[in-house]
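Heads up, the thing below is written out as structure tokens.
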Amino acid sequence: DLMSFGVHRLWKRFAIELTGLRAGQRVLDLASGTGDLADKFADLVGPTGHVLMTDINAAMLSVGRDRMIDRGHAGNLSYAQVNAESLPFPEETFDLVTIAFGLRNVTDKQRALEAMYQVLKPGGRVVVLEFSKPQIKPLEKLYDLYSFRVLPKMGQTLANDAESYRYLAESIRMHPDQQTLLEMMETAGFERCDVHNLTGGIVAVHRGFKL
């Protein structure tokens, strides 16, 4: 909330709207973290649908699970520790695969996208919400200043951990830009791919379909 001045909530809401999720559908939410998306998905799919909340980090997944239990989610939401590069699910299992602010931390992003494609049903779609490349030059310079100067100091002050916030900035810089990620999705097999820039391209939502 502090780092994005609360705007991350709007980014996530936009991504959720792009999913077109309906009651009764099955969702795989990768890198769920504390479950912001999974929480909304469980409401949208209803008692006849199912949401699988996953993360590669067991401690983070435990925090997210406790949060979902506190919110009253039970019958239509489950949890699994999962590596996005090697999804342990049968082909054509899910109607929707999502990953929000997690793809940049995946070592082999192409392999992860291909794994997402495999587990989607025909007619299913993937939605990737991630930091991206600002599309306005003055904004890009300001964003770099904020990322590499302000964020580490904020991390040191609030969490006594400047290094993690420095890694955050560096991982964002190394993540593929909008067009490159779009092409990677197409290489993985996705069709009708599109990209939606938010906040001048600081964040982008990529979407693709398995036809």
Side-chain angles (χ1 to χ4, degrees), residues 4 7-21 25-41 44-45 51-57 60 64 80 82-87 89 93-135 143 168-211:
S4 72
V7 179
H8 76 99
R9 297 175 183 271
L10 299 178
W11 296 335
K12 290 173 181 175
R13 184 185 304 170
F14 182 83
I16 290 167
E17 290 175 354
L18 277 184
T19 66
L21 195 59
Q25 294 190 319
R26 296 177 60 85
V27 182
L28 172 61
D29 186 32
L30 298 168
S32 293
T34 55
D36 285 351
L37 267 63
D39 179 30
K40 303 299 183 186
F41 292 153
L44 289 171
V45 300
V51 177
L52 183 56
M53 181 176 168
T54 72
D55 205 289
I56 196 171
N57 185 307
M60 182 65 78
V82 165
N83 182 344
E85 295 178 25
S86 181
L87 299 178
F89 310 113
T93 298
F94 300 97
D95 299 286
L96 170 68
V97 177
T98 59
I99 183 166
F101 302 116
L103 186 61
R104 74 179 186 282
N105 295 321
V106 174
T107 302
D108 192 335
K109 297 174 179 59
Q110 188 65 53
R111 183 178 176 185
L113 290 168
E114 290 167 1
M116 294 177 207
Y117 183 85
Q118 290 297 320
V119 299
L120 274 175
K121 298 177 182 178
R125 58 273 187 215
V126 65
V127 172
V128 179
L129 171 63
E130 189 54 89
F131 292 107
S132 200
K133 182 177 177 61
Q135 300 297 290
Y143 183 51
L168 173 64
E170 291 170 352
S171 68
I172 292 171
R173 172 67 69 86
M174 295 179 69
H175 186 68
D177 63 20
Q178 288 90 328
Q179 184 59 34
T180 302
L181 182 54
L182 195 72
E183 292 169 359
M184 290 172 67
M185 291 173 63
E186 292 173 342
T187 299
F190 291 103
E191 300 182 57
R192 290 169 49 198
C193 297
D194 55 19
V195 56
H196 302 263
N197 287 310
L198 306 177
T199 317
I202 288 176
V203 163
V205 183
H206 285 72
R207 180 176 56 173
F209 295 85
K210 182 175 183 176
L211 303 180

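Every residue two or more places apart in sequence or in another chain was checked for a salt bridge (Lys or Arg N to Asp or Glu O under 4.0 Å) with Glu114, and none qualifies. Annotation: side chain to side chain contact (heavy atoms under 4.5 Å, CB included) contacts of Ala38 (sequence neighbours excluded): Asp29, Val51, Met53, Leu77. The side chain to side chain contact (heavy atoms under 4.5 Å, CB included) check on Glu170 picks up Phe148, Arg166, with sequence neighbours excluded.
Side chain of Asn197 to main chain of Ala204: no donor-acceptor pair is present (N/O by atom type, distance under 3.5 Å, no hydrogens or angles). For the pair Glu85 (side chain) and Asp108 (backbone), a donor-acceptor distance under 3.5 Å is present.
Put simply, NZ on Lys109 and OG1 on Thr180 are 11.5 Å apart, with the number rounded to the nearest 0.5 Å. The distance from atom CD1 of Ile202 to atom OG of Ser132, rounded to the nearest 0.5 Å, is 10.5 Å. Interatomic distance, CZ of Phe41 versus OG1 of Thr98, reported as 4.0 Å (0.5 Å rounding). Atom CZ of residue Phe94 and atom CD of residue Gln118 lie 13.5 Å apart, to the nearest 0.5 angstrom. Here Leu52 contributes atom CG and Phe89 contributes atom CZ; the two are 4.5 Å apart, rounded to the nearest 0.5 Å.
A 4.5 Å side-chain heavy-atom check between Ile16 and Leu44 finds at least one atom pair inside the cut-off. Side-chain contact between Leu87 and Leu30: present, with at least one pair of heavy atoms (C-beta onward) separated by less than 4.5 Å. Using a 4.5 Å heavy-atom threshold, the side chains of Arg13 and Leu10 count as touching. Between Ile172 and His175 the shortest side-chain heavy-atom distance does not fall below 4.5 Å. At least one side-chain heavy atom of Arg111 sits less than 4.5 Å from a side-chain heavy atom of Ser86. In this structure, the side chains of Leu129 and Lys12 come closer than 4.5 Å at one or more pairs of heavy atoms.
Checking Arg125, Lys210, Lys121 one by one against Asp95, the salt bridge (Lys or Arg N to Asp or Glu O under 4.0 Å) holds for a single residue, Lys121.
Across His8 and Asp36, no two heavy atoms sit closer than the pair CE1-OD2, 4.3 Å. Across all their heavy atoms, Leu168 and Arg104 have their closest contact at CD1-NH2, 2.9 Å. Minimum heavy-atom separation, Gln25 to Gly20: OE1-O, 4.2 Å. Closest non-hydrogen pair, Ala115 versus Ala84, comes out as CB-O, 3.8 Å. Nearest heavy-atom pair across Leu103 and Ile99 is N-CD1, 3.5 Å. Between Gln178 and Gly201, the closest heavy-atom pair is NE2-O, 3.6 Å.
Sorted by first and then second residue, the ring-ring contact (aromatic ring centres under 6.0 Å, His included) pairs with a member in residues 191-211 read Phe14-His196; sequence neighbours excluded. Residue pairs meeting the salt bridge (charged side-chain N to carboxylate O under 4.0 Å, His left out) criterion with at least one partner in residues 182-196, sequence neighbours excluded, are Asp194-Arg207. Evaluation of the ring-ring contact (aromatic ring centres under 6.0 Å, His included) test over residues 97-126, restricted to residues two or more places apart or in two chains, returns Phe101-Phe131, Tyr117-Phe190.
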Apply side chain to side chain contact (heavy atoms under 4.5 Å, CB included) to the pair Met184 and Thr187, showing each step before the final yes or no.
-> CA-CA 5 Å; Met184 290 172 67; Thr187 299; 5.5 Å; no
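Open room surrounds NZ on Lys40; 12 or fewer heavy atoms of other groups in view lie less than 6.0 Å from it.
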